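Report on the structure given below.
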Amino acid sequence: MDDSIKRQIPGPLIPESFYPVDRLEKYMHLGRTRMFPKGSIVLSQGKESNALMYVQSGCLAVSMGADDGHNKFLFHIGARSIGMATFLSEYHELQIYAVKNTTICFFTVEQVLEIFHEDEQVILDILQNILTKVYYFMAQARDLNFCRPSSRVFRLLYNLCIREGKYTGDHYVIHSNLTQKAIGEITGTHYVTVCKLFNILEKQGILKKTKDKIYVYELEKLKNMINEVIEY
DNA sequence: TCATTAATTTTCT
DNA sequence: AGAAAATTAATGA
């Protein structure tokens, strides 16, 4: 068995660890470093913030509130990545909290400009980080428009397998500790639906998910499932 | 075809 | 043991 069926998918498949900007590491003395314990709020909705956040270690989650109290998960900011709420205007509807114990270095606009002056490559790295996010959410907008939830879940699994699945004789192993809930948040489908979809895949012997691994036994079948209409 | 709610069971820490 | 995650069933859009 070879990997000829594999096809590289550009950009991140799951909204975390977007393009790292670890060049900021050597300018941390300019900013203000702070520790956030797991579960604490880094930025509450509506609160003014005009700093650039560099996550040195740990992980943050960014979400956006809705009128009806719902809260849409957007993406994670992992180690060596960055986040910005409002560089330009003061109001926003984002909320950021620490998923793990996290150390963040905050840079003011002035400090960022100072770094830009000294190190132009940082500008490109930050642009790359933002553009990667933009592209991800453009693809997301497309999928939400044109694909059914079952297709979005199946395609995520298929792409994950192509991207990082290890072929081991007769099946693929994906090392991933995504929960069903997380897959639901990423794909915009209800976690109960995700559960049902996994049951269908497992019953057909296509795939099996454990806590930290996903075993793909029939990659081609999984690919075909993307376009099938599922009966629940 | 799916979201939603609620009620249980299973798995993690 | 308590929290989080997963499952199952029922209802409705």
Side-chain angles (χ1 to χ4, degrees), chain A residues 12-17 35-45 55 57-79 93 95-103 136-161 164-165 171-218 220-232:
Chain A
L13 297 178
I14 53 178
E16 64 182 32
S17 58
M35 254 288 284
F36 287 87
K38 177 178 179 177
S40 61
I41 303 291
V42 176
L43 184 70
S44 52
Q45 185 163 344
V55 175
S57 67
C59 183
L60 306 177
V62 183
S63 61
M64 183 175 261
D67 316 322
D68 55 3
H70 280 99
N71 206 274
K72 167 62 180 162
F73 166 79
L74 295 174
F75 59 95
H76 286 304
I77 308 176
E93 295 176 302
Q95 190 197 55
I96 305 180
Y97 78 96
V99 179
K100 310 175 189 171
N101 291 338
T102 306
T103 49
Y136 175 86
F137 285 105
M138 289 195 292
Q140 171 103 323
R142 176 200 57 190
D143 292 347
L144 288 172
N145 269 279
F146 297 129
C147 305
R148 289 171 298 102
S150 65
S151 303
R152 300 198 295 266
V153 173
F154 290 154
R155 193 182 22 248
L156 173 65
L157 294 171
Y158 176 72
N159 287 339
L160 265 180
C161 188
E164 41 190 275
H171 63 275
Y172 292 89
V173 179
I174 306 166
H175 179 79
S176 155
N177 41 24
L178 282 174
T179 63
Q180 293 186 4
K181 182 167 167 284
I183 292 174
E185 286 172 340
I186 290 169
T187 58
T189 97
H190 199 89
Y191 65 96
V192 174
T193 303
V194 174
C195 177
K196 290 171 182 170
L197 292 172
F198 270 111
N199 280 331
I200 291 169
L201 291 177
E202 191 166 338
K203 262 179 199 155
Q204 299 196 18
I206 295 174
L207 170 152
K208 182 178 164 70
K209 182 190 179 306
T210 65
K211 167 150 180 62
D212 53 352
K213 289 184 177 90
I214 301 173
Y215 301 92
V216 180
Y217 305 111
E218 305 274 6
E220 277 306 303
K221 279 191 186 175
L222 177 59
K223 185 181 180 182
N224 296 331
M225 292 290 281
I226 295 172
N227 299 312
E228 287 196 18
V229 176
I230 306 302
E231 291 185 29
Y232 289 87

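In this text, all values refer to a predicted model and were calculated from it rather than measured experimentally. Just so we're on the same page: letters track the sequence lines, and every chain starts at 1.
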Self-check item: Atom pair distance, as rounded to whole Å: NZ in A/Lys72 and P in B/dA3
Solution: 11 Å
Quiz item: Of the candidate nucleotides B/dC2, B/dT13, C/dT8, which contains the atom at the shortest distance from the side chain of A/Lys211?
Solution: B/dT13
Quiz item: Should A/His190 be listed as having a side-chain N or O under 4.0 Å from OP1 or OP2 of B/dC2?
Solution: no
Practice problem: Would you mind telling me which residue lines up with the more 5' stretch of DNA chain C, A/Glu202 or A/Lys196, judged by nearest nucleotide? | Solution: A/Glu202
Practice problem: Describe, in one word, how the ring planes of A/Tyr215 and A/Tyr217 are oriented to each other, choosing from parallel (under 30°), tilted (30 to 60°) and perpendicular (over 60°). | Solution: parallel
Quiz item: Nearest to the side chain of A/Ser150 - C/dT7, B/dC2, B/dA3?
Solution: B/dC2
Practice problem: Using only side-chain N and O atoms of A/Asn199, determine if any of them is under 4.0 Å from OP1 or OP2 of C/dA6. | Solution: no
Exercise. Please report, rounded to the nearest Å, how far the C1' atom of B/dA3 is from the CG atom of A/Leu144.
Key: 15 Å
Quiz prompt | Phosphate OP1/OP2 of B/dC2: any A/Thr193 side-chain N/O under 4.0 Å | solution = no
Quiz prompt | Under 4.0 angstrom between A/Gln180 side-chain N/O and C/dA4 OP1 or OP2 | solution = no
Self-check item: Nucleotide nearest A/Val192 when distance is taken to its side chain, options B/dC12, C/dA5, C/dA9
Solution: C/dA9
Practice problem: Give the rounded distance in Å between these two atoms: CZ of A/Phe198 and C1' of B/dC2. | Solution: 17 Å
Quiz item: Are any of the side-chain heavy atoms of A/Leu201 and A/Phe154 separated by less than 4.5 Å?
Solution: yes
Practice problem: Could you check how far NZ of A/Lys181 sits from C1' of C/dA3, rounded to whole Å? | Solution: 12 Å
Practice problem: Could you state the atom-to-atom distance from CG of A/Asn177 to P of C/dA5 in whole Å? | Solution: 12 Å
Practice problem: Would you mind reading off the distance between A/Ile214 atom CD1 and C/dA6 atom P, rounded to a whole angstrom? | Solution: 11 Å
Practice problem: For the side chain of A/Ile230, starting at C-beta, report the closest nucleotide among B/dC2, B/dT5, C/dA6. | Solution: B/dC2
Exercise. Check the surroundings of atom NZ in A/Lys72: do more than 12 heavy atoms from other residues, nucleotides or ligands lie under 6.0 Å from it?
Key: yes
Self-check item: Protein-nucleotide distance (A/Leu178, atom CG; C/dA6, atom C1'), rounded to Å
Solution: 15 Å
Quiz item: At their closest point, which heavy atom of A/Thr187 faces which heavy atom of A/Arg152, and how far apart are they?
Solution: O-NE, 2.7 Å
Quiz item: Can you check the A/Arg148 CZ to B/dA3 C1' distance for me, whole Å?
Solution: 15 Å
Practice problem: Answer whether the closest heavy-atom distance between the side chains of A/Leu178 and A/Leu160 falls below 4.5 Å. | Solution: yes
